[in-house]
Amino acid sequence: MPELPEVETTRRGIAPHISGQRIRRVVIRQPRLRWPIPDDLPQLLKGRKLLSVARRGKYLLLVFHHGTLIMHLGMSGSLRIVEADAAVQKHDHFELQLSNGSQLRLRDPRRFGAVLWTGQAVTDHPLLAALGPEPLDEAFDGDYLHDCGKNRRSSIKQLIMDGKTVVGVGNIYACESLFRAAIHPTRPCNRISIQRYRTLAEEIREVLAEAVTQGGTTLRDFLNGDGKPGYFAQSLRVYGRAGEPCPGCGNPIRNKTLAQRSTFYCPTCQH
DNA sequence: CAAAGGTCCTGCTCGC
DNA sequence: TGCGAGCAGGACCTTT
């Protein structure tokens, strides 16, 4: 479900409600997510003050003095701030009850998400240690991307969706940035000029930044921490638009499966 | 044959 | 031959 813009929108939505609060109680209803939720979390967090909410790629980081709660939303996860008396819904697997009476709830029907704890520096955690740069950081540019791809024969779409290359680009924004850069999704990485890599890096940054501004993309059910949808869906040029006219040339947008992921592109404009 | 916004893990192939 | 990197596919789940 959520890519960088949706995770960042979630972060911004929940942070003001939970930063500075103390944890009154931790409830684990369903520990079996992608990895089990650590069963000692309740005693680990009880009475502790939540300092801030950060993000690394698609991971949300709830920062405490003595460590960090690492959360991932997987394909179908969402985080909401609710009142203490709000009814518990199906797939509400985890919650933090806060000193101000409200709660942070994780809902995740498919259970591909994760709730983990580290008492060490987050950057040392195995899931985060090997991640590539943030797309909106200085370190991410066309020269870097070209370096990543110059010796690879697999497709450019797979390269930019690989978190070791760059974080936060999922299926939607991979399709969108490739369309904007006029690069065909299946083009082998080692057959793209550095000039085109520069364009692509720029388009990735732009599409993500625009999507963050619009509160992310709501396709079916994404809502931010305040329960509001994102508005970037209306700005999508190819994703989910198979058969519709390409905004560039008017020919129909195509949808093909690539590496087991639905891929939208214009066969005329993208090469 | 269903597809959905993620990504780790395994076991294979490829090139030096 | 051996090694490491790259690569494809499977796995994990539920809902529409």
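Below, chain A is the first sequence line, B the second, and so on; all start at residue 1. Just so you know, these numbers use all the heavy atoms, side chains as well, and skip hydrogens, waters and symmetry mates.
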> I'd like to know whether CD of A:Gln234 has more than 12 heavy-atom contacts from other residues, nucleotides or ligands below 6.0 angstrom.
yes
> Check the pair A:Leu61 / A:Leu128 against side chain to side chain contact (heavy atoms under 4.5 Å, CB included), numbers first and verdict last.
CA-CA 11 Å; A:Leu61 308 172; A:Leu128 301 176; 4.2 Å; yes
> Within the pair A:Arg153 and B:dG15, is there a side-chain N or O less than 4.0 Å away from OP1 or OP2?
yes
> Could you state the NZ-C1' distance from A:Lys150 to C:dG6, rounded to the nearest angstrom?
15 Å
> Find the distance A:Lys164:NZ to B:dG6:P and express it as a whole number of Å.
15 Å
> Tell me whether A:Glu6 is salt-bridged to A:Lys58, with the criterion being a basic N under 4.0 Å from an acidic carboxylate O.
no
> Does A:Gln43, at its CD atom, have more than 12 non-hydrogen atoms belonging to other residues, nucleotides or ligands within less than 6.0 Å?
yes
> Considering every strand and a 4.0 Å limit on heavy-atom distances, what is the contact class for A:Thr217: base, sugar-phosphate, or nothing?
base
> I'd like the P distance from C:dC13 over to B:dT10, given in whole Å.
16 Å
> Measure from CG on A:Asn255 to C1' on B:dA2 and round the result to the nearest Å.
12 Å
> Tell me if a side-chain donor or acceptor on A:His17 pairs with a main-chain N or O of A:Leu104 at a distance below 3.5 Å.
no
> Please state how far atom CZ in A:Arg152 lies from atom C1' in C:dA5, giving the value in whole angstrom units.
9 Å
> Summarise how protein sits on nucleotides 8-16 of chain C as a single string, 5' to 3': B when a protein heavy atom is under 4.0 Å from the base, S for sugar-phosphate-only contact, - for no contact.
SBB-BBBS-
> Answer yes or no: does atom CZ of A:Arg254 have more than 12 heavy-atom neighbours from other residues, nucleotides or ligands under 6.0 Å?
no
> Can you tell me how far P in C:dG9 sits from the matching atom in B:dA3, rounded to whole Å?
16 Å
> Which part of the nucleic acid, if any, lies within contact of A:Phe232, taking any heavy atom under 4.0 Å across all strands shown: a base, the sugar-phosphate backbone alone, or nothing?
nothing
> Inspect the surroundings of CZ in A:Arg191 and state if more than 12 heavy atoms from other residues, nucleotides or ligands are less than 6.0 Å away.
no
> In whole Å, what is the span from the CG atom of A:Leu106 to the P atom of B:dG6?
16 Å
> If you count heavy atoms of other groups shown closer than 6.0 angstrom to NE2 of A:His65, is the number above 12?
no
> Determine the stems involving DNA chain B; a stem requires 3 or more consecutive pairs of the Watson-Crick or G-U wobble kind, each with both distances below 3.5 Å, and the answer is none if no such run exists.
B:2-4 with C:14-16, B:6-16 with C:2-12
> Rounding to an integer number of Å, can you tell me how far A:Leu4 CG sits from B:dT7 C1'?
16 Å
> Would you kindly give the CZ-to-P distance between A:Arg56 and B:dT7, to the nearest whole Å?
12 Å
> Reckon A:Ser262 has a side-chain N or O less than 4.0 Å from the OP1 or OP2 of B:dA4?
yes
> Are A:Arg198 and A:Asp141 close enough for a salt bridge, meaning some N to O gap below 4.0 Å?
no
> Whole angstrom is fine here: how far is it from CG in A:Asp162 over to C1' in C:dG6?
10 Å
> For nucleotides C:dC7 and B:dA4, find the distance between their C1' atoms and express it as a whole number of Å.
24 Å
> Does A:Arg261 form a side chain to side chain contact (heavy atoms under 4.5 Å, CB included) with A:Met161? I'd like the steps, not just the answer.
CA-CA 11 Å; A:Arg261 305 302 298 274; A:Met161 288 182 70; 3.8 Å; yes
> Check whether any side-chain N or O of A:His72 sits under 4.0 Å from OP1 or OP2 of B:dT7, and answer yes or no.
yes
